[in-house]
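First comes the structure, then the notes that go with it.
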Amino acid sequence: MRLLRNLVILLVVVLALAVAADRIGVHVVQNKAADRLNGRFLLTSKPSVSINGFPFLTQVASGTFEDVVLAAPTGRVQAQGDDLALSHLAVELRGVKPRDNYSHASAESVSGSFVLSYGDVNKLMGDDHTSIAYGGKGSDGNGRVKFTTTRTLFGQQRHITGTAGLVVGKSGSSIASSGVKLNGAPIPIISDLVAQQLTVNRSFSGLPGGVRLQTVDPEADGVHVGFTGTNLTL
């Protein structure tokens, strides 16, 4: 009986040490990965990194981490030749395989999101004569932006306001305006002309290869952008 009890105690101690070694290992690798990712994949600072799944050491032995989550308060992406600031950057990587002492890695898939301020949305649209801000929800429940613009029409300058929706462009790497509606019910020819001028498509040039935008949702704190991708190299 005493032998059995001693064996049970020994087993508990061994399991506890194994769990402790596993948790220490994941902490070390998370910090190392955060250091390596600093300044990469839209990041401008060291992110927080969480490697999910247990046991961790089994994933190390296999060379593949099943689920890695990154989070950072700020980031950066290029568009139209400008650097745009991102906030609330969140990224989930699946099937991550480190290479060369964690200096490189590949991922089977990625999903994530970030927020663009309206100041950077104005920069993205690249129109000095138009100002964009949050415009509330449309009748379909989707967020819209409101705009104020000055246009020369038939030799006269006109001050025009209205709202528009934002959608992902056909390329998957751009944001486009859609459903432009003008306030004040101008005559149809003016309404159609201004709507055409304000229907734009602006591309991000700094997205990692394999990443495509999926959702664009104007909210009060900025434009929320969701993205996915497959077969990424980090």
Side-chain angles (χ1 to χ4, degrees), residues 42-44 72-91 111-208 211-229:
L42 308 178
L43 297 164
T44 55
T74 59
R76 180 182 61 238
V77 68
Q78 278 203 333
Q80 305 299 122
D82 290 316
D83 281 341
L84 304 182
L86 313 178
S87 63
H88 304 291
L89 178 62
V91 181
S111 61
S113 61
F114 57 81
V115 179
L116 274 176
S117 71
Y118 284 103
D120 280 306
V121 172
N122 279 282
K123 189 186 295 186
L124 173 65
M125 292 307 175
D127 186 345
D128 293 336
H129 303 290
T130 303
S131 176
I132 297 172
Y134 180 56
K137 298 290 186 182
S139 58
D140 57 1
N142 294 325
R144 293 178 66 81
V145 295
K146 62 182 179 181
F147 60 84
T148 300
T149 187
T150 302
R151 298 283 157 171
T152 301
L153 300 170
F154 308 110
Q156 293 185 344
Q157 276 201 338
R158 294 178 179 269
H159 183 71
I160 300 168
T161 62
T163 65
L166 295 179
V167 297
V168 176
K170 292 181 180 180
S171 67
S173 61
S174 63
I175 292 178
S177 58
S178 68
V180 176
K181 296 181 180 179
L182 306 185
N183 297 329
I187 60 176
I189 189 172
I190 293 179
S191 179
D192 292 345
L193 181 59
V194 174
Q196 184 178 9
Q197 291 178 357
L198 293 174
T199 301
V200 297
N201 191 329
R202 297 290 184 260
S203 297
F204 293 96
S205 57
L207 292 175
V211 169
R212 293 176 62 86
L213 304 182
Q214 293 295 329
T215 59
V216 182
D217 187 16
E219 296 285 354
D221 62 339
V223 175
H224 293 235
V225 180
F227 59 87
T228 61

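Just so you know, these numbers use all the heavy atoms, side chains as well, and skip hydrogens, waters and symmetry mates. We number each residue from 1, following the sequence as shown.
Going from atom CG of Leu89 over to atom OG1 of Thr74 covers 8.5 Å, rounded to the nearest 0.5 Å. Distance check, rounded to the nearest 0.5 Å: CD of Gln214 to OG of Ser111 gives 10.0 Å.
Side-chain contact between Ile160 and Leu182 is present, with at least one heavy-atom pair separated by less than 4.5 Å. Contact check for Leu116 versus Leu86: side-chain heavy atoms found under the 4.5 Å cut-off. Residues Leu84 and Leu124 have side chains in contact (heavy-atom distance under 4.5 Å, counting atoms from C-beta outward).
The two residues Asp221 and Val115 come nearest to each other via the heavy atoms O-CG1, 3.9 Å. For Ser177 against Leu166, the heavy-atom pair with the smallest separation is CA-CD2, 4.1 Å. In plain terms, the two heavy atoms of Pro218 and Arg144 that are nearest each other are CB-O, 3.9 Å. Contact detail for Val167 and Ser178: the closest heavy-atom pair is CG1-OG, 3.6 Å.
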Report the C-alpha separation of Lys170 and Val168 in whole Å, then their side-chain angles, then the decisive distance to 0.1 Å, and conclude whether the side chain to side chain contact (heavy atoms under 4.5 Å, CB included) test is met. CA-CA 7 Å; Lys170 292 181 180 180; Val168 176; over 6 Å; no
Please test Lys181 against Lys146 for side chain to side chain contact (heavy atoms under 4.5 Å, CB included), starting from the C-alpha separation and ending with a verdict. CA-CA 9 Å; Lys181 296 181 180 179; Lys146 62 182 179 181; over 6 Å; no
From CA spacing to verdict: side chain to side chain contact (heavy atoms under 4.5 Å, CB included), Ile175, Leu213: CA-CA 8 Å; Ile175 292 178; Leu213 304 182; 4.2 Å; yes
Please lay out, stage by stage, how Thr215 and Phe227 fare under the test side chain to side chain contact (heavy atoms under 4.5 Å, CB included). CA-CA 7 Å; Thr215 59; Phe227 59 87; over 6 Å; no
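Side-chain atoms of Asn122 come within 3.5 Å of backbone N or O of Ile132 as a donor-acceptor pair.
The only member of Tyr134, Phe114, Tyr118 that meets side chain to side chain contact (heavy atoms under 4.5 Å, CB included) when paired with Val223 is Tyr118.
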